Visitor: 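My questions all concern the structure below.
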Protein chains: 2
Amino acid sequence: MPQTMTSADLRTRNQVRLLRAVHDAVEPFTRAEAARLLGIGRNTAAALVGELERARLLHEVPAEPGGRGRPTTLLVPHPEGPVAFAVDLREDTWTLASAGLGGGATELESGEHDRTPAVFAEIREAVARHGGERLAVLGLATSGPIRDGHRLHVSHLGWDEVELDDLIGADWPRTVVDNDARLAGLAEARRGALRGTGTAMHFHIDFDIGGTLLLGGDAQRGAHRIAGEFGHMPLTGSPLACMCGVRGCWSLDVGANALVRRFGGTPGHGAGRELAQEVLRRAEAGDAEAGAALDENAAALGRGLGALANALDPEAISLSGLGVELIRLRREVIEAHCAEGLMAFRRDEPPRITAGTVGAAGPLTGAAEIAWDVILSPEWVRERL
Amino acid sequence: MPQTMTSADLRTRNQVRLLRAVHDAVEPFTRAEAARLLGIGRNTAAALVGELERARLLHEVPAEPGGRGRPTTLLVPHPEGPVAFAVDLREDTWTLASAGLGGGATELESGEHDRTPAVFAEIREAVARHGGERLAVLGLATSGPIRDGHRLHVSHLGWDEVELDDLIGADWPRTVVDNDARLAGLAEARRGALRGTGTAMHFHIDFDIGGTLLLGGDAQRGAHRIAGEFGHMPLTGSPLACMCGVRGCWSLDVGANALVRRFGGTPGHGAGRELAQEVLRRAEAGDAEAGAALDENAAALGRGLGALANALDPEAISLSGLGVELIRLRREVIEAHCAEGLMAFRRDEPPRITAGTVGAAGPLTGAAEIAWDVILSPEWVRERL
DNA sequence: TTGTTATGTTCCCATCGAGAACAAAATCAG
DNA sequence: CTGATTTTGTTCTCGATGGGAACATAACAA
């Protein structure tokens with residue numbers, strides 16, 4: 001496991017550091033600022049940028065003068081530089097987007113699908129339509145755990161152990177895949193509400209609840225890359241059996257399925273999202289029963305967050321999906337029950353609970369991030385020159 | 001946040017890599033093997049080792065010839081090299097040990113204490129008695145969470161927000177502190193049952209249960225460095241109120257306190273450990289009620305482990321304290337209830353549940369590790385030359 | 001117009017690790 | 001006992017890297 005050794009590796013390393021700084025920056029910065037940021041000399045910065053410009057990875061544009069001093073250049077993505085494609089594969093739709101250095105994604109195409117793995121061929125064709133020389137890596141977000149990075153398991157589509165290696169063949173560009181909830185969390189950590197946190201958590205609340213632990217801007221993946229099933233811990237004392245095969249899961253009390261069940265429906269089939277939206281509408285309009293349902297959902301959410309905060313000590317927790325509405329309408333309920341679940345000695349410093357700012361674009365943004373993580377690696381950059 | 005830039009940093013980096021390899025190795029290795037291991041040339045290895053020998057960080061001793069080829073030298077700790085001291089501060093005793101490069105710890109002194117923070121002065125004196133020129137860093141393990149690394153909270157000693165910065169003053173050597181359960185886990189990850197795992201968990205079961213998530217050989221610490229209170233999640237549906245201020249904690253059903261409660265005692269005062277030992281003895285002798293108590297404890301343990309495995313996907317889980325006996329006597333119960341708590345699709349690949357191999361020396365060994373982590377840093381090594 | 005300030009550019013230099021060639025010290029084959 | 005083989009140590013040269021100093025350049029300010 002060699003990390004770095006030769007002087008050439010040192011150069012590559014500094015090039016990657018520079019590219020990563022550009023990618024992660026909120027605002028573009030100048031070459032001189034880059035030198036200060038990386039702690040290198042102006043001469044070295046000039047050499048690095050020159051090589052990256054020649055490799056069509058960075059581009060320099062004149063910066064408007066901002067005070068005294070010789071005018072300098074802004075470091076921006078190269079117009080002919082590599083791009084990452086990102087795919088968000090949902091229950092019955094898919095979206096393809098393109099993202100350059102810096103992360104800004106533009107949607108290219110989207111479509112519906114028939115809930116069979118044939119959608120992968122459809123996506124492959126869309127990628128071929130839009131992908132040119134500049135396409136470097138494809139990041140794909142799907143729901144459901146992906147064991148060891150290739151065995152996909154989406155229960156609500158009836159996909160059981162779908163073999164991704166068979167569906168994503170040699171005619172695909174270099175492709176990296178991950179779970180949508182985890183990628184939504186990664187997006188928040190890199191470009192959203194969790195930016196800058198050392199330890200944080202993100203939860204996506206849809207039919208049920210899934211999430212990820214974010215450490216230093218990266219998502220914890222686990223030994224088989226199926227970490228994040230926080231919704232399948234018994235955090236709320238439910239006596240019910242969950243579809244996952246366990247009894248008492250947190251997800252039984254949080255999310256659209258819990259709302260469906262409360263109003264007498266059978267979870268797991270179809271119209272849960274519409275019902276959830278309707279409950280939200282009615283609760284906002286003052287309907288007592290809908291309000292009570294929301295209270296229960298928010299209370300169960302908060303109770304679980306408190307328990308998880310005891311164990312993992314996050315600085316902040318962001319929510320997406322239904323969670324955004326729950327925060328908007330029932331923040332006090334969530335926070336009160338979170339505090340109740342927190343050990344007494346930590347109640348004066350509870351985790352910040354916040355709505356994600358990347359929103360519904362989370363999985364797509366996260367997929368672009370993991371694709372760019374491949375590009376911004378020493379191996380890839382060295383290959384490119 | 002500069003990671004590395006100059007060529008001098010490159011050299012330091014490789015020196016640290018070499019020292020870390022020696023520290024982490026199970027068996028000593030030769031200079032030629034080191035070159036292969038780090039992916040550097042024999043000439044470079046010779047230069048690195050020479051400098052480290054002059055800095056009294058490494059020592060070369062003739063290796064007994066093992067086949068053909070010119071005889072070489074074994075890389076071993078320098079006899080005058082730096083040592084780390086490690087302290088394990090327990091409820092009413094403390095132990096001081098010394099650990100050299102490679103981790104082998106030898107006990108220096110131990111004593112009892114009066115359960116007041118005055119024990120820190122006592123420890124300071126013992127350190128001064130044994131510490132000479134070679135003492136570089138002190139690692140200290142205590143029970144209880146240590147918020148932000150300096151505010152100690154040990155409920156069963158009645159220490160509430162004890163300020164470590166006041167107790168560990170400028171007359172101490174460079175000191176690093178952490179929680180005993182976390183350090184026990186770190187010890188397993190570095191030198192015990194979890195060695196080589198990418199994602200693993202460790203739990204120490206005493207009066208209650210505490211643990212840590214281990215990622216790539218390091219312990220997850222959390223935003224306020226108080227992560228690891230897994231025992232205070234409601235994983236077993238207990239209706240009771242816990243001393244921590246929360247209702248339903250896992251710890252209410254696992255550990256010595258749970259046994260005390262089951263046999264009519266009041267947890268939190270004294271003799272829980274003796275009772276636990278007696279229950280173990282009686283259960284092993286065939287006593288039905290003691291056996292049932294053990295069953296319940298093991299079942300609750302397994303149930304929680306399964307839930308946590310869903311969320312964090314560890315490759316292996318090691319246990320210390322009472323957990324060792326529980327594995328020895330009730331492995332099937334633990335594993336069965338763990339499987340029951342695992343989502344169905346992961347039951348064919350459950351986490352390996354194993355007794356820790358570092359044993360009672362876990363906190364001390366872990367304390368030595370965090371002390372050596374300071375020594376094996378580029379900053380420290382560069383300072384030493 | 002002239003001084004100030006921030007940046008770009010060009011040079012030289014110390015250091016680092018790679019690689020090749022050779023030397024040294026053991027084992028193995030006869 | 002001798003010579004071939006194997007593995008490692010040692011020495012030397014070389015290209016590349018980043019630091020630093022000196023100078024050039026282009027804006028602003030007085």
Side-chain angles (χ1 to χ4, degrees), chain A residues 2-19 21 28-55 58-76 378 381-382 385, chain B residues 2-19 21 28-55 58-76 378 381-382 385:
Chain A
Q3 301 169 338
T4 183
M5 33 220 155
T6 165
S7 349
D9 291 326
L10 180 57
R11 171 68 75 140
T12 310
R13 207 185 169 76
N14 278 334
Q15 282 169 331
V16 169
R17 281 212 298 153
L18 179 52
L19 287 172
F29 50 81
T30 69
R31 207 172 73 182
E33 287 168 340
R36 280 190 293 271
L37 194 64
L38 302 193
I40 59 180
R42 294 195 302 271
N43 48 358
T44 308
L48 288 175
V49 171
E51 290 167 23
L52 292 173
E53 173 95 53
R54 277 192 295 282
L58 267 191
H59 189 53
E60 290 187 278
V61 297
E64 69 273 26
R68 278 188 173 179
R70 177 170 173 169
T72 176
T73 56
L74 232 40
L75 303 182
V76 298
V381 170
R382 181 181 313 126
L385 260 174
Chain B
Q3 301 171 339
T4 183
M5 30 219 158
T6 165
S7 348
D9 291 327
L10 181 57
R11 170 68 77 147
T12 311
R13 210 184 166 76
N14 278 333
Q15 283 169 330
V16 169
R17 282 212 299 153
L18 178 53
L19 287 172
F29 50 82
T30 69
R31 206 172 72 181
E33 287 169 340
R36 280 190 295 270
L37 193 65
L38 301 194
I40 59 181
R42 295 195 301 273
N43 48 358
T44 308
L48 287 174
V49 171
E51 290 168 22
L52 292 172
E53 172 96 51
R54 276 193 294 283
L58 268 190
H59 189 53
E60 290 187 280
V61 296
E64 69 274 26
R68 278 188 173 179
R70 177 171 173 168
T72 176
T73 56
L74 232 41
L75 304 181
V76 298
V381 170
R382 181 181 314 126
L385 262 174

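Letters A, B, ... mirror the listed sequences (proteins, then strands); counts begin at 1. All values reported here derive from a predicted model rather than from experimental measurement.
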Visitor: Of B:Leu74, B:Leu75, B:Val61, which meets side chain to side chain contact (heavy atoms under 4.5 Å, CB included) against B:Pro28?
Guide: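 Filter result, single survivor: B:Leu74.
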
Visitor: Can you build the contact string for nucleotides 20-30 of chain D? Use B for base contact, S for sugar-phosphate-only contact, and - for no protein heavy atom under 4.0 Å.
Guide: B---BBBBBS-

Visitor: Below 4.0 angstrom from OP1 or OP2 of D:dG19, is there any side-chain N or O of A:Thr44?
Guide: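 Indeed, a polar side-chain atom of A:Thr44 lies that close.
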
Visitor: Please confirm whether the shortest side-chain N or O distance from B:Arg31 to OP1 or OP2 of D:dT10 is below 4.0 Å.
Guide: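 Affirmative; the distance criterion is met.
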
Visitor: Need to verify one output field. Residue with the more 5' nearest nucleotide on DNA chain C, B:Leu48 or A:Arg36?
Guide: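 Closest to the 5' end, via its nearest nucleotide, is A:Arg36.
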
Visitor: Would you grab the first and last nucleotide of DNA chain C (5' to 3') that comes under 4.0 Å of any non-hydrogen atom in chain B?
Guide: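 From 5' to 3', the first and last contacting nucleotides are C:dC16 to C:dC28.
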
Visitor: Side chain to side chain donor-acceptor pair (under 3.5 Å) with B:Arg42: which residues, sequence neighbours excluded?
Guide: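 With neighbours one apart ignored, the set is empty.
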
Visitor: Listed by chain and number, what are the salt bridge (Lys or Arg N to Asp or Glu O under 4.0 Å) partners of A:Arg13, not counting sequence neighbours?
Guide: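 A:Arg13: no salt bridge (Lys or Arg N to Asp or Glu O under 4.0 Å) contacts found.
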
Visitor: Taking only N and O in the side chain of A:Ser7, is any of them less than 4.0 Å away from OP1 or OP2 of D:dG15?
Guide: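 Looking at the OP1 and OP2 atoms of D:dG15, neither is under 4.0 Å from any side-chain N or O of A:Ser7.
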
Visitor: Taking side chain to side chain donor-acceptor pair (under 3.5 Å) as the definition, give me every residue that meets it alongside B:Asp9, ordered by chain and number, with sequence neighbours left out.
Guide: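 Scan of B:Asp9 (side chain to side chain donor-acceptor pair (under 3.5 Å), adjacent residues dropped) gives B:Arg382.
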
Visitor: Could you give all pairs that pass the salt bridge (charged side-chain N to carboxylate O under 4.0 Å, His left out) test and reach residues 30-40 of chain B, with sequence neighbours left out?
Guide: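 Sorted pair list: B:Arg31-B:Glu60.
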
Visitor: List in chain and number order the residues that pass side chain to side chain contact (heavy atoms under 4.5 Å, CB included) with A:Ser7, two or more places apart in sequence or in another chain; answer none if no residue qualifies.
Guide: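 Applying side chain to side chain contact (heavy atoms under 4.5 Å, CB included) to A:Ser7 gives none.
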
Visitor: Could you tell me whether B:Arg13 contacts a base, only the sugar-phosphate backbone, or nothing, with contacts defined as non-hydrogen atoms closer than 4.0 Å?
Guide: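 Answer is nothing: B:Arg13 stays at 4.0 Å or more from every strand.
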
Visitor: Suppose we screen for side chain to side chain contact (heavy atoms under 4.5 Å, CB included). Which residues come up paired with B:Ile40, at least two apart in sequence or across chains?
Guide: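 A:Met5, B:Arg17, B:Ala35, B:Leu38, B:Thr44, B:Ala45, B:Leu48.
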
Visitor: B:Glu51: what forms a salt bridge (Lys or Arg N to Asp or Glu O under 4.0 Å) with it, not counting sequence neighbours?
Guide: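 With sequence neighbours excluded, B:Glu51 shows a salt bridge (Lys or Arg N to Asp or Glu O under 4.0 Å) to B:Arg11, given in chain and number order.
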
